2 protein chains.
Amino acid sequence: MSTPAAESLSSDLAVYAARLVRLVRREHAPSAATRVLSILDETGPLGVTALAQADRCSQPTMTGQVNQLVDLGWVTKQPNPADARGSLVALTDSGRTELRRIRRLNAALVSERLARRTDLSPDDLATAVSVLRAVLEPSNPISTASTTSTEGSS
Amino acid sequence: MSTPAAESLSSDLAVYAARLVRLVRREHAPSAATRVLSILDETGPLGVTALAQADRCSQPTMTGQVNQLVDLGWVTKQPNPADARGSLVALTDSGRTELRRIRRLNAALVSERLARRTDLSPDDLATAVSVLRAVLEPSNPISTASTTSTEGSS
DNA sequence: AAATTTATATCGGAAACCTATGTAAGTCGA
DNA sequence: TCGACTTACATAGGTTTCCGATATAAATTT
């Protein structure tokens, strides 16, 4: 009824997201590091594997990313006191500063371009973010989710 | 009060877009080829440099992408009859089929996840797409328009 | 305590980019 | 018409970002 082109729209969301990522990357920030920093900012310290799942990349990839970020001084990697196998990756002040810098640039880029469109309100931006967030919601299978039954507790 | 967190939202748009791209890539489609195919589908045949600008990548990168797509049989590259320096890259039927396949997968992924959210309507999805499209609008500087070359003599 | 699972690291390699630079074809001014 | 740009594209060489396969060590299970 009101949504004859719903499938087309669903696909467009992914296509345009890809173009936005290229725009941002080219403009000011490599996306891989930013994704990791923002995940840590949202969730607090995580192990490497949990980070990889949150970013939907492989564990070796995340190991490499974390090492880079450690070298840059944006995160620390400490042994997890509760589990000697694991580590805990946490943002440093410097990392938080960097994340703030990227966010400012992101915001400038997006808001500047949106401002030229009088037909789109700030509420529409909020809606767009909600939609993206919904699609990414962790309640959806983060791929490789083998823990089917265990849920809810702790 | 209408937009206290506007800056935050603007930045989130980019961050979540990056995560969506990773989700899609991991799920079913490498994004680089998809971007090129969808640009050609929207604009019709283009030269390599024009394609690079539309995709906001460097010209050598696009040369490589196009070569790959030619090998896959998804596009053709023919000499431009109007300009012997240039070529014209065009979708093949096979390329259109592939694009349709990817779009179906994109759509399934997005709509399936959105469907679980009763608080988000199809209209909201349309709004999200509009916002992304607005940010990407070509009326905005497509970067690399660098031929200002104000350097040079006198 | 052996077998299994879990958390990371390492290795080797592929994909997707980039900058710098070369070449050939158009354009333009004197 | 001839040089001087400019434009379109290719190639070379390198970086970033990612992957699967595999090793190791700690926790867990049987």
Side-chain angles (χ1 to χ4, degrees), chain A residues 18-19 21-37 45-72 75 77-89 143-148 150, chain B residues 18-19 21-37 45-72 77-89 143-154:
Chain A
R19 294 187 191 167
V21 169
R22 283 218 42 87
L23 170 60
V24 169
R25 157 137 64 155
R26 201 142 223 279
E27 215 61 52
H28 58 257
S31 59
T34 306
R35 289 199 313 270
V36 177
L37 294 179
L46 287 180
V48 170
T49 299
L51 260 179
Q53 286 174 347
D55 194 43
R56 291 177 236 253
C57 70
S58 69
Q59 170 262 309
T61 294
M62 186 52 72
T63 293
Q65 279 297 327
V66 167
N67 287 342
Q68 278 183 245
L69 295 177
V70 168
D71 287 347
L72 289 164
V75 306
K77 184 161 67 168
Q78 291 170 342
N80 185 341
D83 186 340
R85 296 169 300 176
S87 354
L88 277 181
V89 180
S143 69
T144 64
S146 48
T147 44
T148 31
T150 34
Chain B
R19 293 187 191 168
V21 169
R22 284 219 41 89
L23 170 59
V24 168
R25 158 137 65 158
R26 213 166 160 66
E27 213 65 49
H28 59 257
S31 58
T34 306
R35 288 198 315 269
V36 177
L37 294 179
L46 287 180
V48 171
T49 300
L51 260 178
Q53 285 174 347
D55 194 41
R56 291 177 234 253
C57 69
S58 68
Q59 170 263 308
T61 295
M62 186 52 72
T63 292
Q65 278 298 324
V66 167
N67 286 342
Q68 278 184 245
L69 295 177
V70 168
D71 287 346
L72 289 165
K77 182 161 68 170
Q78 291 169 343
N80 185 343
D83 187 338
R85 295 169 300 177
S87 354
L88 277 181
V89 180
S143 69
T144 63
S146 60
T147 33
T148 24
S149 72
T150 45
E151 286 207 351
S153 53
S154 62

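The structure displayed is predicted, hence computed values, not measured ones. Here is the naming used below: chain letters follow the sequence lines, and residue numbers restart at 1 for every chain.
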Student: Residues two or more places apart in sequence or in another chain: which of them pass salt bridge (charged side-chain N to carboxylate O under 4.0 Å, His left out) with B:Arg19?
Tutor: A:Glu42

Student: Which nucleotide in the list C:dC17, D:dT17, D:dA8 gets nearest to the side chain of A:Ala32?
Tutor: D:dT17

Student: B:Thr63 and B:Gln59: side-chain donor and acceptor closer than 3.5 Å?
Tutor: yes

Student: Rounded to whole angstroms, how far apart are CZ on B:Arg26 and P on D:dT17?
Tutor: 17 Å

Student: Salt bridge (charged side-chain N to carboxylate O under 4.0 Å, His left out) with B:Arg35: which residues, sequence neighbours excluded?
Tutor: B:Asp55

Student: Round to a whole Å and report the spacing from CZ of B:Arg56 to P of C:dC18.
Tutor: 13 Å

Student: Let's see if you can work this out: which of C:dT19, C:dA9, D:dC9 has an atom nearest to the side-chain heavy atoms of B:Lys77?
Tutor: D:dC9

Student: Specify the residue among A:Leu46 and B:Arg25 whose closest nucleotide of DNA chain C lies further upstream toward the 5′ end.
Tutor: A:Leu46

Student: Can you find a pair of side-chain heavy atoms, one from B:Asn67 and one from B:Lys77, that are under 4.5 Å apart?
Tutor: yes

Student: For A:Arg22 and D:dT17, what is the distance between atoms CZ and C1' respectively, to the nearest whole Å?
Tutor: 13 Å

Student: Can you check whether A:Thr61 has a side-chain N or O nearer than 4.0 Å to OP1 or OP2 of D:dC19?
Tutor: yes

Student: Give the B/S/- string for nucleotides 21-30 of chain D, one per nucleotide from 5' to 3', where a protein heavy atom under 4.0 Å of the base yields B, of only the sugar-phosphate yields S, and otherwise -.
Tutor: B----BS---

Student: Contact list please: residues 62-69 of chain A against DNA chain C, heavy atoms, distance less than 4.0 Å, in numerical order.
Tutor: A:Thr63

Student: In whole Å, what is the span from the CG atom of A:Asn80 to the P atom of C:dA9?
Tutor: 13 Å

Student: Go through the structure and list residues passing salt bridge (charged side-chain N to carboxylate O under 4.0 Å, His left out) with A:Arg22, not counting sequence neighbours.
Tutor: none

Student: Starting at atom CD of A:Gln53, determine the distance to atom C1' of C:dT6, rounded to an integer number of angstrom.
Tutor: 11 Å

Student: Regarding A:Ser31, tell me which of base, sugar-phosphate or nothing describes its non-hydrogen contacts under 4.0 Å with the strands shown.
Tutor: nothing

Student: Do A:Val75 and A:Leu37 have side chains that approach each other closer than 4.5 Å (heavy atoms only, starting at C-beta)?
Tutor: yes

Student: I need the CZ-C1' distance between B:Arg35 and C:dA15, as an integer number of Å.
Tutor: 12 Å

Student: Rounded to whole Å, please give me the gap between CZ in A:Arg19 and C1' in C:dA16.
Tutor: 18 Å

Student: Give a yes/no answer on whether the side chain of B:Ser58 brings an N or O atom under 4.0 Å of OP1 or OP2 in C:dC18.
Tutor: yes

Student: Heavy-atom distance under 4.5 Å between the side chains of A:Arg26 and B:Ser58, does that happen here?
Tutor: yes

Student: Kindly indicate, with the supporting measurements, whether the criterion side chain to side chain donor-acceptor pair (under 3.5 Å) is fulfilled by A:Gln53 and A:Thr49.
Tutor: CA-CA 6 Å; A:Gln53 286 174 347; A:Thr49 299; over 6 Å; no

Student: Whole Å only: how far is the CG atom of B:Leu51 from the P atom of C:dC17?
Tutor: 13 Å

Student: So, using side chain to side chain contact (heavy atoms under 4.5 Å, CB included) as the criterion, who are the partners of B:Ala50 when residues are at least two apart?
Tutor: B:Leu46

